[in-house]
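Computed from heavy atoms alone, side chains included, the values below leave out hydrogens, waters and symmetry copies.
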Amino acid sequence: RQRRPLLASPVMQSLLIDAWRSADRWRVGRYVIMPDHVHLFCSPNTTPPCALRTWVSYWKALFAKASGEGREFWQQNFWDTQLRSHESYTAKWEYVRANPVRAGLVQSSE
């Protein structure tokens with residue numbers, strides 16, 4: 001919602017994690033919650049897998065309802081990257097992990 005820092009609270013973070021746990025068609029692994037957006041690594045948890053777009057829409061709806069913020073809390077679309085076997089998971093994770101440092105929110109990603 002206009003890049004306001006709405007996720008910068010323990011309550012909102014807890015609601016987001018609860019939504020991911022309830023939306024169990026995909027499994028969330030590592031993640032970084034920024035004040036105004038989220039980075040996460042996920043993989044299908046069902047066979048056949050649920051469409052990523054369907055899953056993201058579902059957990060966004062769960063979160064929006066639980067937070068009382070409404071559907072307009074999230075932007076409609078999302079940006080995703082599929083890691084292929086030749087790509088380095090570690091390099092991608094280090095990039096995501098450093099995001100709070102690049103944004104000037106923390107001195108170190110540790």
Side-chain angles (χ1 to χ4, degrees):
R1 196 186 289 173
Q2 301 167 335
R3 307 225 19 127
R4 293 186 353 220
L6 298 173
L7 294 172
S9 81
V11 170
M12 292 298 222
Q13 293 170 13
S14 179
L15 291 174
L16 184 57
I17 293 165
D18 289 346
W20 290 338
R21 286 185 179 135
S22 295
D24 61 358
R25 304 280 307 269
W26 282 68
R27 183 176 313 141
V28 176
R30 291 176 164 176
Y31 59 89
V32 171
I33 302 172
M34 299 289 288
D36 60 357
H37 67 280
V38 175
H39 297 272
L40 63 96
F41 286 65
C42 61
S43 62
N45 199 28
T46 60
T47 304
C50 166
L52 183 61
R53 178 167 305 286
T54 301
W55 176 74
V56 170
S57 292
Y58 181 62
W59 68 253
K60 283 180 175 181
L62 290 176
F63 174 89
K65 183 176 181 181
S67 70
E69 291 290 333
R71 292 284 301 185
E72 65 279 353
F73 181 91
W74 298 104
Q75 68 183 30
Q76 187 173 10
N77 295 315
F78 64 95
W79 185 76
D80 65 312
T81 300
Q82 184 175 357
L83 294 180
R84 311 244 187 261
S85 59
H86 65 280
E87 293 179 305
S88 170
Y89 177 94
T90 301
K92 298 293 185 190
W93 170 243
E94 288 304 319
Y95 177 83
V96 167
R97 190 171 160 245
N99 201 18
V101 176
R102 287 190 301 276
L105 298 172
V106 296
Q107 294 290 322
S108 169
S109 60
E110 284 74 30

key: Full working for side chain to side chain contact (heavy atoms under 4.5 Å, CB included) between T46 and W55   = CA-CA 11 Å; T46 60; W55 176 74; over 6 Å; no
message = If you apply the rule side chain to side chain contact (heavy atoms under 4.5 Å, CB included), what do you find for Y95 with R102, and how did you get there?
response = CA-CA 10 Å; Y95 177 83; R102 287 190 301 276; 3.5 Å; yes
key: D36 side chain vs P5 backbone, donor-acceptor pair below 3.5 Å   = no
ask   = In terms of hydrophobic clustering (I, L, V, M, F, W, Y; side-chain heavy atoms under 4.5 Å; direct or indirect links), are L62 and F73 co-clustered?
value = no
remark   = Separation between NZ (K60) and CZ (F78), nearest 0.5 Å, reads 7.0 Å
message = Do N99 and M34 have side chains that approach each other closer than 4.5 Å (heavy atoms only, starting at C-beta)?
response = yes
inquiry  = If I compare all heavy atoms of L105 with all of P35, which pair ends up nearest, and what's the gap?
reply    = CD1-CD, 3.4 Å
request  = Answer yes or no: does atom OH of Y89 have more than 12 heavy-atom neighbours from other residues, nucleotides or ligands under 6.0 Å?
outcome  = yes
ask   = What are the two closest non-hydrogen atoms of W26 and C42, and how far apart are they?
value = CE3-SG, 3.6 Å
inquiry  = Below 30° counts as parallel, above 60° as perpendicular, anything between as tilted: where do the rings of F41 and W93 land?
reply    = perpendicular
Identify each donor-acceptor pair in which a side-chain atom of residues 10-21 lies under 3.5 Å from a protein atom, sequence neighbours left out, and give them as a table.
none

query = V56, Y58: one ILVMFWY side-chain cluster at the under-4.5 Å cut-off?
reply = no
query = How long is the gap from NE2 on H39 to CD1 on I33, to the nearest 0.5 Å?
reply = 11.0 Å
key: Test side chain to side chain contact (heavy atoms under 4.5 Å, CB included) applied to L83 and K92, step by step   = CA-CA 9 Å; L83 294 180; K92 298 293 185 190; 3.3 Å; yes
task = For the pair T54 (side chain) and C50 (backbone), establish whether a donor and an acceptor sit closer than 3.5 Å, ignoring hydrogens and angles.
result = no
query = Is a side-chain donor or acceptor of R30 paired with a backbone partner of R97 at a separation under 3.5 angstrom?
reply = no
remark   = Interatomic distance, OG@S57 vs CD@Q76, rounded to 0.5 Å, equals 8.0 Å
request  = Please test V38 against V32 for side chain to side chain contact (heavy atoms under 4.5 Å, CB included), starting from the C-alpha separation and ending with a verdict.
outcome  = CA-CA 6 Å; V38 175; V32 171; over 6 Å; no
note = Between E72 and E69 the two heavy atoms that sit nearest each other are OE2-O, 3.0 Å
request  = Please name all residues satisfying side-chain hydrogen bond (donor to acceptor under 3.5 Å, both in side chains) with S108, sequence neighbours left out, ordered by chain then number.
outcome  = E110
